[in-house]
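The structure appears right after this line, and notes come after that.
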Amino acid sequence: MLTEPEAVALQQTLRQRVIQHDAFPRPIRLVAGADVEYNPHTELIAGAIVLLDADTKAVVEVATHVMPVSFPYVPGLFSFREMPPLLAAYGKLHQQPDVLICDGHGLAHPRRFGLACHIGVELDIPTIGCGKTRLTGQYENLAAGRGSTAPLTDEATGEVLGLVVRTQPGINPLFVSVGHRVALPTAAGLVLAMSEAVRQPETTRQADAYARAALLHALQ
DNA sequence: GCGACAG
DNA sequence: ATCTTGTCGC
């Protein structure tokens with residue numbers, strides 16, 4: 001296992017590989033969701049990657065992987081905990097998604113290299129960061145309607161880190177940021193499209209359910 | 001020194 | 001992440 005300073009150093013190196021513009025074939029047909037579940041008693045962690053048809057949102061393929069956790073939860077070093085089971089699950093897929101929506105931030109990270117960036121760079125696939133709560137950055141209140149957005153910025157530099165997106169009227173917004181090879185407006189649009197009647201993208205909801213099921217199955 | 005802190 | 005029912009509000 002990497003030490004925390006080593007993990008930070010690796011982030012500083014890999015962050016330079018992040019591509020912030022759209023660099024993937026169109027149209028998007030398969031959208032993937034990734035999520036992880038953890039059991040503190042067994043210290044097992046389960047990762048799930050789910051492939052959905054972009055238009056019908058039907059589940060096309062699911063891959064999961066359960067293993068012992070190998071890194072503590074440290075805000076800012078989240079990917080070192082969640083990536084191992086997600087990479088293992090990804091390797092079991094028989095088809096590749098056009099884009100992967102991650103349950104966690106991308107560039108909206110203290111060192112601009114959250115989970116979505118790390119997975120994206122590691123696999124060199126298009127990824128989007130989609131967190132439920134803020135990790136870093138500031139934003140103004142956004143309108144209550146579905147589709148309302150507000151920029152998430154670093155007050156000190158004025159840098160835009162992501163977009164706060166309201167996917168359901170009056171419901172807490174999501175924090176969307178670039179992962180790899182997907183531009184921010186594209187990312188926000190896809191997250192909104194995948195969240196027609198629910199707060200979180202259908203991809204994340206499905207991945208969450210399958211990760212939970214895989215973990216329960218492993219616990220027997 | 002104090003508060004904040006993805007899942 | 002997870003422990004967890006009813007209850008407040010539109």
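In what follows, chains carry the letters A, B, and so on, assigned in the order in which the sequence lines appear, proteins first and then strands, with residues in each chain numbered from 1.
Minimum atom distance to the side chain of A:R212 is reached by C:dT2, of the listed B:dA6, B:dC5, C:dT2. Of the candidates B:dA6, B:dG7, B:dC5, B:dG7 carries the atom nearest the A:E82 side chain, counting heavy atoms from C-beta on. In the set B:dC5, C:dA1, B:dG7, the nucleotide with an atom closest to the side chain of A:E37 is C:dA1.
Of the side-chain N and O atoms in A:R81, none sit less than 4.0 angstrom from OP1 or OP2 of B:dA6. For B:dA6, one of the phosphate oxygens OP1 or OP2 lies less than 4.0 angstrom from a side-chain nitrogen or oxygen of A:Y73. For the pair A:R134 and B:dA4, the criterion of a side-chain N or O lying under 4.0 Å from OP1 or OP2 is not met. Contact annotation: A:T133 reaches the phosphate of B:dG7 (side-chain N/O to OP1 or OP2, under 4.0 Å).
If you measure from atom CD1 of A:I101 to atom P of B:dG7, you get 15 Å, rounded to the nearest angstrom. Following rounding to the nearest Å, A:Q200 (CD) and C:dA1 (P) show an atom-to-atom distance of 8 Å. Between the C1' atom of B:dA6 and the CG atom of A:L161 lies a distance of 13 Å, rounded to the nearest Å. In this structure, A:Y139 atom OH and B:dA6 atom C1' are separated by 13 Å, rounded to whole Å. What separates CG of A:L135 from C1' of B:dG3 is a distance of 14 Å, to the nearest Å. To the nearest angstrom, P of B:dG7 lies 14 Å from CD1 of A:I119. For A:L219 and C:dT2, the CG to C1' distance is 13 Å, given to the nearest whole Å. The interatomic distance linking A:K132 (NZ) with B:dC5 (C1') rounds to 15 Å, in whole Å.
Both tests pass for A:R81 against the ring of A:Y38: distance under 6.0 Å to the centre and angle within 45° of the axis.
Checked by atom type, the side-chain pair A:T204/A:D35 shows no donor-acceptor distance below 3.5 Å. A donor-acceptor pair shorter than 3.5 Å can be found between the side chains of A:R111 and A:Q11.
When heavy atoms are screened at a 4.0 angstrom cut-off, A:G76 is found touching base atoms of the nucleic acid. A:I45 comes within 4.0 angstrom of no nucleic acid atom, judged by non-hydrogen atoms across all strands. Within 4.0 Å (heavy atoms only), A:L86 reaches no atom of the nucleic acid at all. A:D103 comes within 4.0 angstrom of sugar-phosphate atoms only, judged by non-hydrogen atoms across all strands, and of no base.
Between the side chain of A:T127 and the backbone N or O of A:H180 there is at least one donor-acceptor pair closer than 3.5 Å.
Stacking of A:F175 onto the six-membered ring of B:dA6 is not present when judged by under 5.5 angstrom between centres and under 30° between planes.
Between A:H118 and A:F113, the ring-plane angle classifies as tilted under the 30° and 60° cut-offs.
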